[in-house]
There are 2 protein chains.
Amino acid sequence: MFELKQLKQLVTVAESGTLSKAAELLHLSQPALSRSMQKLEEELQVSLFERQKNKISLNQNGEMAMEYARKVLRQSQDLITHIRVLDRRQHTISVASCAPTPLWEIKPMLSAIFPEITISTVIKGKNQLLQGLNEDTYQMVIMPEPLIAPDIYCTKYGDEHLYFSLPPDHPLSGCKELPFKSLDGETMLLLSQIGFWHDLHIQKMPNTHFLIQEELFAFGELVKASALPSFTSDIIIKRAGSASNRINIPISDIEANVTYYCLCKSNQKKKLLPFFEKLKNE
Amino acid sequence: MFELKQLKQLVTVAESGTLSKAAELLHLSQPALSRSMQKLEEELQVSLFERQKNKISLNQNGEMAMEYARKVLRQSQDLITHIRVLDRRQHTISVASCAPTPLWEIKPMLSAIFPEITISTVIKGKNQLLQGLNEDTYQMVIMPEPLIAPDIYCTKYGDEHLYFSLPPDHPLSGCKELPFKSLDGETMLLLSQIGFWHDLHIQKMPNTHFLIQEELFAFGELVKASALPSFTSDIIIKRAGSASNRINIPISDIEANVTYYCLCKSNQKKKLLPFFEKLKNE
DNA sequence: GTAAGTTACGAGCGACGTAAAAATG
DNA sequence: CATTTTTACGTCGCTCGTAACTTAC
């Protein structure tokens with residue numbers, strides 16, 4: 001039986017036209033390649049080249065062999081890529097969330113429960129979450145609403161309540177609570193990569209000019225240094241505290257108070273069970 | 001890059017269940033196989049087996065790898081078989097004929113003209129001839145009638161006239177010529193492998209009992225030794241002479257006088273041109 | 001104790017590179 | 001004379017088999 005190495009060589013010879021060029025491309029001496037091709041011909045019991053003293057070219061057999069060789073090599077490459085994807089799947093849990101804050105707790109929990117497994121997380125829109133869950137791109141997704149569907153396991157994770165973060169001298173800073181629309185039209189600081197919140201802000205405050213900040217650290221500095229209103233939430237405050245020069249006022253709209261749900265395919269529930277158990281106990 | 005040898009080994013291990021069995025099937029020591037599989041895992045950068053001290057079994061990766069390996073090996077085998085068929089095609093001319101006698105001359109002619117090429121011949125029925133020509137199983141066929149068709153080249157080869165071969169004391173042995181039906185009902189000697197003649201005899205002499213003889217030499221001996229009528233032809237007589245104790249009487253039916261035609265696909269005509277030229281000159 | 005798998009070690013075969021030869025333009 | 005291919009030859013490395021060790025039934 002011939003070997004893949006020889007098929008690769010055959011294809012390279014076909015592509016480059018001469019043994020010398022091919023040998024160079026293959027990081028091989030030219031005589032070695034010459035012998036290897038002779039051996040391939042022996043093993044196939046068929047001549048593959050038209051030989052003319054100091055010139056060589058594929059004959060009809062060689063052309064056909066090359067085409068088949070390409071196929072075999074392509075499938076071999078497929079084997080490698082697919083097997084590595086499969087392996088990776090088994091050693092990683094991909095979690096996608098509609099918002100960043102749930103991951104702050106969930107990712108460390110998963111890492112603690114599955115120490116051998118890499119936890120990869122990403123923020124995506126609701127549609128992408130469900131599509132990715134369906135296509136097994138994500139083993140678990142965090143949604144801002146429950147989903148009852150066959151073959152989907154859905155369990156409550158926790159709440160998040162949104163606040164305006166206002167400087168003390170803001171006209172509305174004394175209020176007990178405020179609707180979105182009360183600040184609509186002003187200029188606000190906004191962090192990017194906040195998932196569904198972004199869409200919500202734009203929808204509820206269409207006249208507001210948002211200064212989008214990509215970096216978390218830079219965003220924090222801007223909040224401290226400027227008098228521009230921004231958003232925060234109970235989860236953020238609990239974790240990072242509140243900026244000293246800020247007053248946090250709850251947002252009264254119902255949409256500003258979300259409950260997050262963890263979703264996974266039913267056939268993944270068993271694998272994730274330790275996580276769901278721990279969730280229930282806390 | 002892994003090698004086909006390793007894929008073959010993986011499949012064998014999967015099929016036999018243990019390394020030891022597989023090693024035996026592969027004519028390899030068990031430690032060598034163990035190492036080879038470890039190397040495959042290294043090269044794929046993926047574990048393929050569930051190892052339990054003195055037991056080994058494919059894991060999920062291994063199962064998938066095995067399926068891909070099967071595909072790759074099947075295609076590799078395809079490469080071998082198809083390339084050999086192609087090669088054979090280039091080094092042989094397959095000629096099929098409706099009757100044996102034309103081949104007596106044609107086969108040596110082809111061998112002389114194409115000394116590098118193997119001439120393979122076979123006797124087939126008319127339908128099989130045309131089908132085989134169409135499917136490129138035969139590069140040339142000899143038919144007892146012309147065929148005008150697109151992409152088919154057709155040229156006359158020669159005639160054959162059928163004779164009854166009768167013992168001198170046969171009641172009809174003095175006739176100048178005889179129709180088939182004049183001997184219908186008698187018992188006759190008949191050689192097998194005579195192509196379309198066989199069908200013709202049965203059709204024109206439905207009441208005759210034919211003693212079929214497979215072997216040419218045995219047939220000749222029977223003709224000499226017995227008083228049973230048989231067939232011969234001008235071509236046979238010219239080549240092998242007539243048995244001394246026989247009188248040959250032409251058969252008067254029009255079907256007993258055939259003209260043979262050489263047919264080939266138009267795209268093969270160029271390749272066979274030297275043959276057709278020589279045919280024309282003789 | 002037998003059967004299976006891994007590790008260790010030494011040997012042989014095969015593939016490689018260098019060198020040389022032949023042929024072409 | 002440069003380029004390309006094939007053949008010759010010596011070396012190195014890889015894979016093999018044997019042997020030893022471990023574990024399980």
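Letters go in sequence order (proteins before strands), and every chain restarts at 1. As a basis for the values below, the full set of heavy atoms in this structure was taken, side chains included, without hydrogen atoms, waters or symmetry mates.
Of the possible donor and acceptor atoms, one in the side chain of B:Glu3 sits under 3.5 Å from a partner among the backbone N and O of A:Leu4. Panel note: side chain A:Ser76, backbone A:Val72; a donor-acceptor pair is recorded below 3.5 Å. Looking at B:Ser97, its side chain never comes within 3.5 Å of a backbone N or O of B:Pro100 through a donor-acceptor pair. A:Gln139 places a side-chain N or O within donor-acceptor distance of the main-chain N or O of A:Ser94, the cut-off being under 3.5 Å. B:Asn61 places no side-chain N or O within 3.5 Å of a backbone atom of B:Leu48 that could act as its donor or acceptor partner.
At C:dC16, none of the side-chain N or O atoms of A:Ser29 fall inside 4.0 Å of OP1 or OP2 (strictly under the cut-off).
For the pair A:Phe49 CZ and D:dT4 C1', the computed distance is 14 Å after rounding to whole Å. Taking atom CD of residue A:Glu43 and atom P of nucleotide C:dG14, one finds them 11 Å apart after rounding to whole Å. Between the CG atom of A:Leu33 and the P atom of C:dT18 there is a distance of 15 Å, given to the nearest Å. Here C:dT18 presents its C1' atom at 14 Å from CG of A:Leu28, a figure rounded to the nearest Å. In this structure, the CD atom of B:Gln38 is 13 Å from the P atom of D:dC16, given to the nearest Å. In this structure, CD of A:Gln30 is placed 6 Å from P of D:dT5, rounded to the nearest angstrom. Rounded to whole Å, atom P of D:dC14 lies 17 Å from atom CG of B:Leu40. Residue A:Glu50 contributes atom CD, which lies 14 Å from atom P of D:dT5 at whole-angstrom precision.
One donor-acceptor pair, N or O on each side, does fall under 3.5 Å between the base of C:dG17 and the side chain of A:Arg35.
Interface residues of residues 4-26 of chain A facing DNA chain C, ordered by number: none; criterion, heavy-atom separation under 4.0 Å.
A:Lys278 approaches A:Met109 most closely through the heavy-atom pair CG-CE, 4.0 Å.
Of the residues B:Val141, B:Leu110, B:Val122, the one that meets the side chain to side chain contact (heavy atoms under 4.5 Å, CB included) test with B:Val95 is B:Leu110.
Under the 30°/60° scheme for interplanar angles, the aromatic rings of B:Tyr260 and B:Phe196 are found to stand perpendicular.
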> Just by protein heavy atoms under 4.0 Å, how would nucleotides 19-25 of chain C read 5' to 3' in B, S and -?
Replying inline: B---BB-

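At least one cation-pi condition fails for A:Lys156 and A:Tyr261: the charged atom is not both under 6.0 angstrom from the six-membered ring centre and inside a 45 degree cone around its axis.
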